[in-house]
Amino acid sequence: MEPYPRCSAIVLHTGQHEGNCPREVTCSCCRARPCPTPEPTFAPTISQPPSISLAPTVDRQEIYEVLANITDLATLEDATTPQGRALRWLLREDGRHLQPNDPTLIQRYVMVVLYFSTNGDDWHQCFASSTPSDCGGRESYYREYYQPFLSEASECFWGVWDGNACDRDNGLIRIIQIPRNNLVGSLPMELAALPELRHVDVSSNTIHGILPQVWPPKLESLQLSNNRISGPLMGEFPTSLRHLDLEENILNGTVDNLIVALNRTKVSYLNLRGNRLTGSIPSTLADLSFRDTILWQVNFANNKLAGAMPSVVCDAKRKEKIGSIIVDCPPDGVECSCCNRRCPPMPTTPMPTALPTVSSAPSVSPAPSQSPSVSTSPTSSPAPTNLPTSPAPTDPRSFSFSFSFSTPVRRRMSTAEDRKRKILRKKYKSK
């Protein structure tokens with residue numbers, strides 16, 4: 001006979017308990033039932049802790065190790081840096097309590113670093129203490145899609161309007177769009193840790209410092225116009241880049257390194273207008289025409305470039321392998337026979353008036369045979385002919401006089417007067 005499973009007590013048919021609990025007994029005439037509940041002692045032992053809603057424990061050491069792959073450890077340990085502040089916010093204040101193996105941990109950290117790097121507390125919209133209505137959304141209409149930064153919501157919903165957009169399949173950020181929001185600071189290099197980032201637009205802010213040397217691997221559009229970015233045009237851009245807008249910054253140096261770097265990309269729009277670039281335009285610009293993507297427009301206007309446009313660049317433009325090339329107007333700027341120049345309108349000289357102004361009448365010395373009265377009067381020059389004659393000014397009093405008699409103004413009667421007149425007219429007709 002197979003033994004009964006381990007039980008609390010063995011009860012015989014006579015009702016007598018036998019054996020100690022727990023005990024494994026082999027019996028053909030017994031049946032098992034649970035042991036009676038033991039009486040509580042004065043000092044009960046609690047096997048499980050009471051269920052209290054506490055924050056889940058986060059392994060800080062593993063968080064350090066994960067984030068140290070994109071930020072050096074010394075910067076993370078410094079509580080005054082944006083990276084150190086972002087780390088402490090994740091560990092102490094973040095309501096999501098992400099674990100080290102969470103796939104969104106790195107991108108949430110990067111977005112918090114971007115917030116602290118650009119002085120997010122002074123943003124116009126979507127700062128940490130704002131409400132969803134301040135982010136462009138209504139309180140009751142898609143409220144979950146308009147969340148301020150550093151909120152408990154997903155970082156995919158942080159930002160103004162469609163500020164951050166994530167991939168629906170993997171939940172990774174594809175778009176960062178925060179234009180005209182008073183971002184003051186520099187772009188962190190941690191942006192390169194976003195593997196699915198395609199579009200960045202932080203134009204019309206006060207972004208300063210130099211451009212990051214490394215960018216996300218799938219970046220396609222970078223809009224940094226109307227900021228305060230300085231330094232030379234150096235660094236590597238991903239091969240997927242198609243749109244680069246650096247208009248109205250304070251970039252200096254030459255464009256040689258940039259053209260060489262862009263030769264490995266798919267850029268079709270390049271805007272460098274309004275910077276402090278010097279030197280000349282290199283012939284390597286024509287190398288961009290040998291790619292699969294056509295360079296539709298490149299703008300070098302409002303810089304300090306000089307020299308002549310290389311002939312190979314003009315040849316590529318005539319073959320329609322390069323689209324519009326915009327440079328400054330002469331005498332400043334680049335000598336180019338195939339470029340599109342945006343010249344300001346020439347100032348127009350004012351037309352001479354109909355009546356020439358005479359400063360002073362010529363004086364003629366008196367002749368001895370003439371009388372003194374004639375000699376003292378100046379000789380008037382003949383009046384110019386074929387001049388338009390302006391009509392004599394009309395006296396407004398004569399006009400009002402003639403108007404008052406020719407077209408007298410009839411006073412409009414009120415409703416009561418009109419009714420009284422109708423009654424009198426009926427009485428006159430009845431008589």
Side-chain angles (χ1 to χ4, degrees), residues 55 58-130 147-156 158-159 163-164 172-173 176-178 181-195 197 200-202 205-217 219 222 224 227-232 234-236 249-251:
V58 178
D59 193 340
R60 297 189 176 188
Q61 184 61 31
E62 293 187 9
I63 295 288
Y64 269 98
E65 294 176 359
V66 171
L67 300 183
N69 295 326
I70 58 177
T71 304
D72 60 281
L73 195 59
T75 307
L76 281 174
E77 294 177 350
D78 190 355
T80 61
T81 61
Q83 292 80 3
R85 296 175 64 186
L87 173 63
R88 282 152 182 80
W89 182 87
L90 287 174
L91 296 177
R92 302 174 182 175
E93 303 179 29
D94 188 11
R96 297 181 74 87
H97 305 289
L98 298 181
Q99 299 297 323
N101 58 352
D102 195 299
T104 63
L105 172 64
I106 292 181
Q107 73 175 15
R108 194 170 182 86
Y109 164 74
V110 172
M111 297 306 298
V112 179
V113 171
L114 176 63
Y115 180 84
F116 288 126
S117 298
T118 56
N119 201 11
D121 292 338
D122 292 335
W123 288 1
H124 293 323
Q125 293 176 304
C126 278
F127 47 92
S129 58
S130 61
Q147 295 294 329
F149 271 67
L150 307 191
S151 63
E152 192 175 344
S154 171
E155 61 277 1
C156 297
W158 291 354
N164 303 329
L172 300 180
I173 291 180
I176 297 177
Q177 189 171 346
I178 323 175
N181 202 29
N182 195 33
L183 275 67
V184 180
S186 58
L187 293 177
M189 66 176 185
E190 283 78 8
L191 289 175
L194 301 177
L197 185 60
V200 175
D201 182 6
V202 290
N205 286 290
T206 317
I207 304 295
H208 54 73
I210 62 175
L211 288 173
Q213 302 297 312
V214 184
W215 294 96
L219 185 65
L222 181 59
L224 303 176
N227 280 285
R228 303 290 295 172
I229 301 175
S230 59
M234 300 180 63
E236 296 292 331
N249 282 278
I250 51 177
L251 296 168

Measure the shortest side-chain to side-chain distance between Leu150 and Phe116 over non-hydrogen atoms and say whether it is less than 4.5 angstrom.
-> yes
If we only count heavy atoms from C-beta on, is the Val66 to Tyr109 side-chain gap below 4.5 Å?
-> no
Check whether more than 12 heavy atoms from other residues, nucleotides or ligands sit under 6.0 Å from atom CG of Leu172, and answer yes or no.
->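 Enclosed: over 12 neighbouring heavy atoms sit under 6.0 Å from CG of Leu172.
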In terms of heavy-atom contacts, does CZ of Arg88 have more than 12 from other residues, nucleotides or ligands at under 6.0 Å?
->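 Yes, CZ of Arg88 has more than 12 neighbouring heavy atoms, counting only those of other groups under 6.0 Å.
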Partner residues of [X] under the side-chain hydrogen bond (donor to acceptor under 3.5 Å, both in side chains) criterion, sequence neighbours left out:
{"X": "Arg85", "result": "none"}
{"X": "Asn101", "result": "none"}
{"X": "Ser186", "result": "none"}

Report the C-alpha distance between Asp94 and Trp89 in whole Å, list the side-chain angles of each, state the deciding distance to 0.1 Å, and finish with yes or no for side-chain contact (heavy atoms from CB on, under 4.5 Å).
-> CA-CA 6 Å; Asp94 188 11; Trp89 182 87; 3.4 Å; yes
Closest non-hydrogen atom pair between [X] and [Y], with its separation:
{"X": "Ser151", "Y": "Pro148", "value": "OG-O, 2.9 Å"}
{"X": "Asp121", "Y": "Ala128", "value": "OD1-CB, 4.4 Å"}
{"X": "Asn182", "Y": "His124", "value": "CB-NE2, 3.4 Å"}
{"X": "Asn227", "Y": "Thr206", "value": "OD1-N, 3.3 Å"}
{"X": "Gly84", "Y": "Thr81", "value": "N-OG1, 3.0 Å"}
{"X": "Ala193", "Y": "Pro195", "value": "O-CD, 3.2 Å"}

Hey, mind stepping through Gln147 and Ser154 against side-chain contact (heavy atoms from CB on, under 4.5 Å) and telling me if it holds?
-> CA-CA 9 Å; Gln147 295 294 329; Ser154 171; over 6 Å; no
Please test Val200 against Trp215 for side-chain contact (heavy atoms from CB on, under 4.5 Å), starting from the C-alpha separation and ending with a verdict.
-> CA-CA 11 Å; Val200 175; Trp215 294 96; 5.7 Å; no
Only one of Ile229, Ile207, Leu211 clears side chain to side chain contact (heavy atoms under 4.5 Å, CB included) with Asn249; which?
-> Ile229
Of the options Ile176, Leu114, Val112, which is the one that meets Trp158 in a side chain to side chain contact (heavy atoms under 4.5 Å, CB included)?
->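 So, applying the side chain to side chain contact (heavy atoms under 4.5 Å, CB included) to Trp158 and each of Ile176, Leu114, Val112, only Val112 qualifies.
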Can you measure from [atom1] ([X]) to [atom2] ([Y]) and round to the nearest 0.5 angstrom?
{"X": "Asp122", "Y": "Leu183", "atom1": "CG", "atom2": "CG", "result": "10.5 Å"}
{"X": "Asn205", "Y": "Leu187", "atom1": "CG", "atom2": "CG", "result": "9.5 Å"}
{"X": "Asp72", "Y": "Met189", "atom1": "CG", "atom2": "CE", "result": "6.0 Å"}
{"X": "Leu87", "Y": "Thr71", "atom1": "CG", "atom2": "OG1", "result": "9.5 Å"}

Partner of Arg108 by salt bridge (Lys or Arg N to Asp or Glu O under 4.0 Å), out of Glu155, Glu190, Glu152 = Glu155
Test log, rule side-chain contact (heavy atoms from CB on, under 4.5 Å), inputs Arg228 and Ile250 | CA-CA 6 Å; Arg228 303 290 295 172; Ile250 51 177; 4.0 Å; yes
Mind telling me whether Phe149 and Trp123 have parallel, tilted or perpendicular rings, with 30° and 60° as the class edges?
-> perpendicular
Between the main-chain N or O of Thr104 and the side-chain N or O of Asp102, is there a donor-acceptor pair closer than 3.5 Å?
->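 Yes; judged by distance alone, with no hydrogens or angles, the pair exists.
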